[in-house]
Visitor: 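What follows is a single structure, and I will ask about it in a moment.
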Amino acid sequence: MDSKPVITLKPREEDRLMRGHPWVYDNEIAAADGAPVPGGEVLLKSARGKFLGSALWSPASKIRARRYSRLDEPFDRSYVVKRLREALACRLRHRNLEIDSMRAVFAEADGLPGLIVDRFVGSHGSERGSWLSVQLLSRGVDERRADILLALDEVFAPDGIMERSDAPVRALEGLAPRSGVAAGSVPDSVVIRENGLDFAAHIGSGQKTGWFLDQRENRAAAASYAHGRSVLDVFCNQGGFSLACAASGASAVLAVDSSADALASVEENASLNGLQAVVRAKEANAFDFLREEEKSGRRYGLVVLDPPAFAKNKASLEGAVRGYKEINLRALKLLEPGGVLATFSCSFWLSRERFLDVLDSAAADAGLTLRYLEELRQAPDHPVISGYAESRYLKGCIVEVVGPR
Ligand code: SAH
């Protein structure tokens, strides 16, 4: 088995991998024998020679090797097909997502490190179909692009595949951004169903893969508090929360985002569902907007806060915590007595404990007591894997203002 290059770790660096974590960092490696090539397969061994699995080599990245299997097996087309089928089976086993749009592959958590695939099932004009939005974010999967596209075609038989390998993290792997239609044909937007509503997912041009599937269940959870309330949806993107709240009987919804394109989608989505009289879109920087809204004296019955990841790495965490604290404090001050806040952080670096602490301290600064109604996480088609904390990234809470006590 040692015909493949072998990466030997320094003493005791195997513990994290033994617990299930898939990454080997540059500073954990004692020796790389057998001339590993960029994106190539390597075998991982502990300092004592214990076999730890198969990984793909990425010489430009601090994450020098990403383990894809605990066995000695090749990462070829049939491996990808096997993992794609497993990923699909686990999603169908746990819930009936077969006609729904879903995150079909969640990278390391599905044994395909660096590969993200969102599958959109819906319609384009009068045509029904399914399309994939794919991100290749590591050297290993980038090198295997052709095989991966063939495997995706074999398992999902989509009408088209859009590649969105334009995320900034690619630079950390020494890869240039790449995006465009990779197979078949892909319309700029596809109308998908979510929680009984129609949404135009902009798979050709939207942010990330075109639609944030990870908040599906959380949109329904937040909307269950919306009836009869005025709603403020901050960082609304294409209006996932706004529309869910409007459809649940909100008296009015104000959707705020800094992206004009996202807001055009909010209006499109409101029209698609006949809710344009309820939902209003406003372009603004959330920090400025929240400050001005507080001064204006306007108050809301439900506020949704779903910011982008303020902490992109460990070094930016403290600044990010101040940002999260500020928006949560301001949002709490905008609530009517008895109002509800649905608040999220999609940054892995902000731990659950720290997130709850941000909320508690925002409440204290606002002079309010909160009742924690629900604690939320990412949708189940973004699986969380034991030993790999990074897979547990989205945290959310729905809280109610009890009043100054
Ligand atoms: N709630 C959305 C997803 C939000 S993604 C959903 O349910 O799909 C984060 C959004 O924040 C993006 O749309 C981005 O355009 C927006 N954004 C980023 N920085 C912002 C800022 N400073 N002010 C307002 N919006 C911002």
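For the numbers below, each heavy atom of this structure counts, side chains included, while hydrogens, waters and symmetry mates do not. Positions are given from 1 along the sequence. It should be emphasised that the depicted structure is a prediction, and the values quoted were computed from it without experimental measurement. Atoms within a ligand are numbered from 1 in the order they appear, just like the ligands themselves.
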Visitor: Tell me which part of Phe235 gets within contact of ligand 1: side chain, backbone, both or neither, using heavy atoms under 4.0 Å.
Guide: both
Visitor: Only counting residues at least two apart or in another chain, list the ones meeting side chain to side chain contact (heavy atoms under 4.5 Å, CB included) with Ala286.
Guide: Val234, Phe235
Visitor: Closer than 4.0 Å to some heavy atom of Ala284 - which atoms of ligand 1 meet that?
Guide: 23 (N), 24 (C)
Visitor: Any nitrogen or oxygen of Asp257, side chain or backbone, less than 3.5 Å from one on ligand 1?
Guide: yes
Visitor: Using a strict 4.0 Å cut-off to heavy atoms of Asp306, name the atoms of ligand 1 that fall inside it.
Guide: 1 (N), 2 (C), 3 (C), 4 (C), 6 (C), 7 (O), 9 (C)
Visitor: Give me the one residue out of Asn218, Val340, Val304 that meets side chain to side chain contact (heavy atoms under 4.5 Å, CB included) with Ile398.
Guide: Val340
Visitor: I need the minimum non-hydrogen distance between Ser265 and Gln238, along with the two atoms involved.
Guide: OG-OE1, 3.5 Å
Visitor: Using a heavy-atom cut-off of under 4.0 Å, does the side chain or the backbone of Arg219 touch ligand 1, or both, or neither?
Guide: side chain
Visitor: Under 4.0 Å from a heavy atom of Asn285: give me the atoms of ligand 1 that qualify, with their elements.
Guide: 22 (N), 23 (N)
Visitor: Check ligand 1 against Ser259 and write out every atom of the ligand that is under 4.0 Å from a heavy-atom position of the residue.
Guide: 15 (O)
Visitor: Run the salt-bridge test on Glu292 and Arg298 with the 4.0 Å N-O cut-off and return the result as yes or no.
Guide: no
Visitor: Check this for me: Arg299, atom CZ, are more than 12 non-hydrogen atoms of other residues, nucleotides or ligands nearer than 6.0 Å?
Guide: yes
Visitor: Looking only at heavy atoms, what is the nearest atom pair of Gln378 and His382, with distance?
Guide: NE2-O, 2.9 Å
Visitor: Are there over 12 heavy-atom neighbours, none belonging to Arg12, within less than 6.0 Å of that residue's CZ?
Guide: no
Visitor: Taking distance alone, with no angle check, do Asn237 and ligand 1 share an N/O pair under 3.5 Å?
Guide: yes
Visitor: Going by distance only, is there an N or O of Gln238 that falls short of 3.5 Å from an N or O of ligand 1?
Guide: no
Visitor: What are the atoms of ligand 1, with element, lying closer than 4.0 Å to any heavy atom of Pro308?
Guide: 9 (C), 11 (O), 18 (C), 19 (N)
Visitor: Could you tell me which residues satisfy side chain to side chain contact (heavy atoms under 4.5 Å, CB included) with Pro337, sequence neighbours excluded, listed by chain and number?
Guide: none
Visitor: Any nitrogen or oxygen of Ala286, side chain or backbone, less than 3.5 Å from one on ligand 1?
Guide: yes
